[in-house]
Amino acid sequence: MKTAVGAVGAVGAAEQHVIIIVLWKYRLSLYRWRRREDVKIIAVAPPRMLVDESNVDVYYQVEPPIRDHDHCLLMHKVRELCSIFSAKQPKLVVFERSLQRPIAQIRRDMEVDGFKPEQLLHFIQAEETITMRNGLAAISLRQCSLSGTPQPDTWAEAVRNQIGGFPAVVRPLRHHCAHSVGFIRNENEFKNWFRVSSFRNSSVHRNDHYVVQEYVDDGHEFSAVCSSSEGLLGCISAIETHRSVLECIQNQQPYALEYLSANQTRDIFPGLESFCIQVIKSVFPTTYLGLIFIRGYYKDHNEIFFLGFGLEPDSETARNLIALPQSSPWEVLAITAQLGPQPEDTGNLDNNYHCVINFPSAEGVLIHQTNILRRQSNMRVSWKSAESAEMKDSDHLDDNVLQVFLWNPDRSSLLADCSDIMRSTDITIDRNALNERHSLCRKNVAKLTAKELIRSCTTTD
């Protein structure tokens, strides 16, 4: 009996982690979070932001004014809780970029561990992301900045001297969407891109600062999910290598992304884990315990290029793909990362390979939601647009008419099913044929009047 009492006392004396989750517009579900005696979860959020309250210990509802862009009421409650639990060194967790800066300010004011405002410059300000490399220039894609009124002839020479010429990717630094990014194959295309795009595309015309980056042929785009304590946790990568995801979005061509666990990533992309660890050590302070999303290109273990990083997934598609395995969605991974190194949960491993096929939306009206035949892989089909609904041209990973999720323990079968679905699926739409539509930004659609209604299909052709 004494032994039992002593054991209970030891548990009670264990250090308790206090994690304060702050929400504004993000609907959070923690259905896969396993409650622990040594972890207290406190949520501060407006009403209806928690999908399931059963895994939260305390839920403080805050009703902010509609135009409270500074989040004053939310931040006031967070400061109060940080003061109450100051002896237990609380951790602040957010899942929205709009809350990162005010929460970072509270961390500095209340001496809470985590990112401070000056460290967020890497992630929030585009100019800083480009210029502040922290020693990562050697593994980054070469790029150059061009400022002022477009001078195609002079700028073409600067591109040759600074990044070695073409092919290249050019984008405005501000006000850009998918259709204002140019994939340039040669010098003549570069000169014509500025002349044509500046005339037709207001988002390009308003800019006086452009970035030109070398183009990687035959490489996998990836976004690695990491933490400073655990290292590599998983990786989202593009299956195809002969065209980029953004090119597929521009041309309304289907493309596939797969999510790999840490062990699967080590097998398929050797060298990627050590690359991510190098990036983490170069950029992040040792005290940072949150998740890190590292973006780049992978050609082989000797050619891995750094593109950028973030503190949250950059799309709803990425969030759904990470949550597809029967392990942990990214929100649970973010909370667990605050606790430091954890023993591996061998009883919750998922040995399947997972992928999603995106069919980008195209301007027009969806005629019919066609039937997707079952394949050998397990499958979940999600139509993102209703029949007879009007659609716009896709300019983001989440602008899709259809998504097909697949999983299979055999990766070869998964890739074969993925290729067959992309090749054989026809989505019939009535499409507005706009003059020179391929270079059109969706923001300028309302300015054009020359339209012709035609019957068309989205295919891989």
Side-chain angles (χ1 to χ4, degrees), residues 8-120 124 227-229 284-291 311-312 330-342:
V8 172
V11 173
E15 179 185 0
Q16 185 180 51
H17 300 274
V18 176
I19 297 179
I20 303 173
I21 299 174
V22 188
L23 306 173
W24 182 38
K25 294 182 178 180
Y26 190 90
R27 283 180 57 81
L28 175 64
S29 174
L30 295 178
Y31 72 100
R32 289 188 186 172
W33 166 255
R34 296 181 180 180
R35 299 191 66 168
R36 296 168 44 168
E37 293 184 2
D38 63 333
V39 179
K40 183 171 186 171
I41 302 292
I42 301 174
V44 181
R48 298 175 296 279
M49 287 297 103
L50 281 180
V51 177
D52 181 7
E53 301 180 22
S54 61
N55 286 330
V56 173
D57 296 287
V58 184
Y59 178 19
Y60 291 98
Q61 285 198 12
V62 177
E63 190 74 75
I66 296 177
R67 300 186 181 275
D68 184 19
H69 299 295
D70 295 327
H71 319 292
C72 295
L73 292 181
L74 278 175
M75 296 306 112
H76 177 76
K77 180 54 104 174
V78 173
R79 288 177 181 273
E80 176 188 333
L81 293 173
C82 287
S83 178
I84 293 173
F85 294 100
S86 60
K88 295 188 176 182
Q89 298 180 334
K91 305 291 193 305
L92 298 179
V93 177
V94 295
F95 304 108
E96 302 165 81
R97 178 169 298 188
S98 59
L99 294 179
Q100 292 285 359
R101 190 185 294 272
I103 289 297
Q105 185 65 44
I106 291 179
R107 290 194 186 106
R108 183 170 65 181
D109 296 343
M110 308 292 291
E111 297 183 351
V112 175
D113 290 341
F115 264 18
K116 307 302 189 291
E118 58 274 9
Q119 295 167 323
L120 283 176
I124 296 180
S227 75
S228 56
S229 59
F284 291 85
T286 56
T287 56
Y288 179 69
L289 294 176
L291 290 187
L311 302 180
E312 61 275 318
W330 86 277
E331 296 95 339
V332 174
L333 293 176
I335 294 174
T336 306
Q338 299 292 329
L339 309 177
Q342 301 291 308

Quiz item: Which atom pair, heavy atoms only, marks the closest approach of Val22 to Met75?
Solution: CG1-CE, 4.1 Å

Quiz item: Once you round to the nearest 0.5 Å, how far does CG of Leu99 lie from CG of Leu74?
Solution: 7.0 Å

Quiz item: For the side chain of Arg107 and the backbone of Phe115, is there at least one donor-acceptor N/O pair under 3.5 Å apart?
Solution: yes

Quiz prompt | Short side-chain to backbone donor-acceptor contact, Arg79 and Ile106, under 3.5 Å | solution = no

Exercise. Would you mind checking if Arg97 and Glu312 are paired as a salt bridge, meaning a charged N to carboxylate O distance below 4.0 Å?
Key: yes

Practice problem: Verify, without hydrogens or angle tests, whether Lys88 (side chain) and Ser86 (backbone) share a donor-acceptor contact under 3.5 angstrom. | Solution: no

Quiz prompt | Heavy-atom side-chain proximity of Trp33 to Thr336 below 4.5 angstrom | solution = yes

Self-check item: Ile42 backbone acceptor or donor facing Asp57 side chain under 3.5 Å
Solution: no

Quiz item: How far does CD1 of Ile41 sit from CZ of Arg36, to the nearest 0.5 angstrom?
Solution: 9.5 Å

Quiz item: Side chains of Pro47 and Glu63: does their closest heavy-atom pair fall under 4.5 Å?
Solution: yes

Practice problem: Drop me the distance from Leu289's CG to Asp113's CG, to the nearest 0.5 angstrom. | Solution: 7.5 Å

Quiz item: Hey, is the main chain of Phe95 close enough, under 3.5 Å, to the side chain of Glu331 for a donor-acceptor pair?
Solution: no

Self-check item: Ile19 side, atom CD1; Lys40 side, atom NZ - distance, nearest 0.5 Å
Solution: 12.5 Å

Quiz item: Going through the distances and angles, do Leu73 and Lys77 end up as a side-chain contact (heavy atoms from CB on, under 4.5 Å)?
Solution: CA-CA 6 Å; Leu73 292 181; Lys77 180 54 104 174; over 6 Å; no

Quiz item: If we only count heavy atoms from C-beta on, is the Asp38 to His17 side-chain gap below 4.5 Å?
Solution: yes

Exercise. To the nearest 0.5 angstrom, please state how far the OG atom of Ser227 sits from the CG atom of Leu339.
Key: 10.5 Å

Quiz prompt | Glu96 side chain vs Trp24 backbone, donor-acceptor pair below 3.5 Å | solution = yes

Quiz prompt | Glu118 backbone acceptor or donor facing Arg108 side chain under 3.5 Å | solution = no

Exercise. For residues Ser83 and Met110, report the shortest heavy-atom separation together with the two atoms involved.
Key: N-CE, 3.8 Å

Practice problem: Quick one: pull up CD in Glu53 and CD in Gln61 and give me the separation to the nearest 0.5 Å. | Solution: 7.0 Å

Practice problem: Grab the two heavy atoms, one from Pro46 and one from Leu23, that are nearest each other, plus how far apart they are. | Solution: CD-O, 3.3 Å

Practice problem: Mind listing the closest non-hydrogen atom pair of Leu81 and Tyr60 along with its distance? | Solution: CD2-CE1, 3.7 Å

Quiz item: Do you know which two heavy atoms are closest between Gly290 and Gln338, and how far apart they sit?
Solution: CA-NE2, 3.7 Å

Quiz item: If you look at every heavy atom in Arg35 and Asn55, which pair is closest and at what distance?
Solution: CG-OD1, 3.6 Å

Quiz prompt | 4.5 Å side-chain heavy-atom contact, Pro90 and Ile84 | solution = no

Practice problem: For Leu30 and Ile21, run side-chain contact (heavy atoms from CB on, under 4.5 Å): C-alpha distance rounded to whole Å, both residues' side-chain angles, the deciding distance at 0.1 Å, then the answer. | Solution: CA-CA 11 Å; Leu30 295 178; Ile21 299 174; 4.2 Å; yes

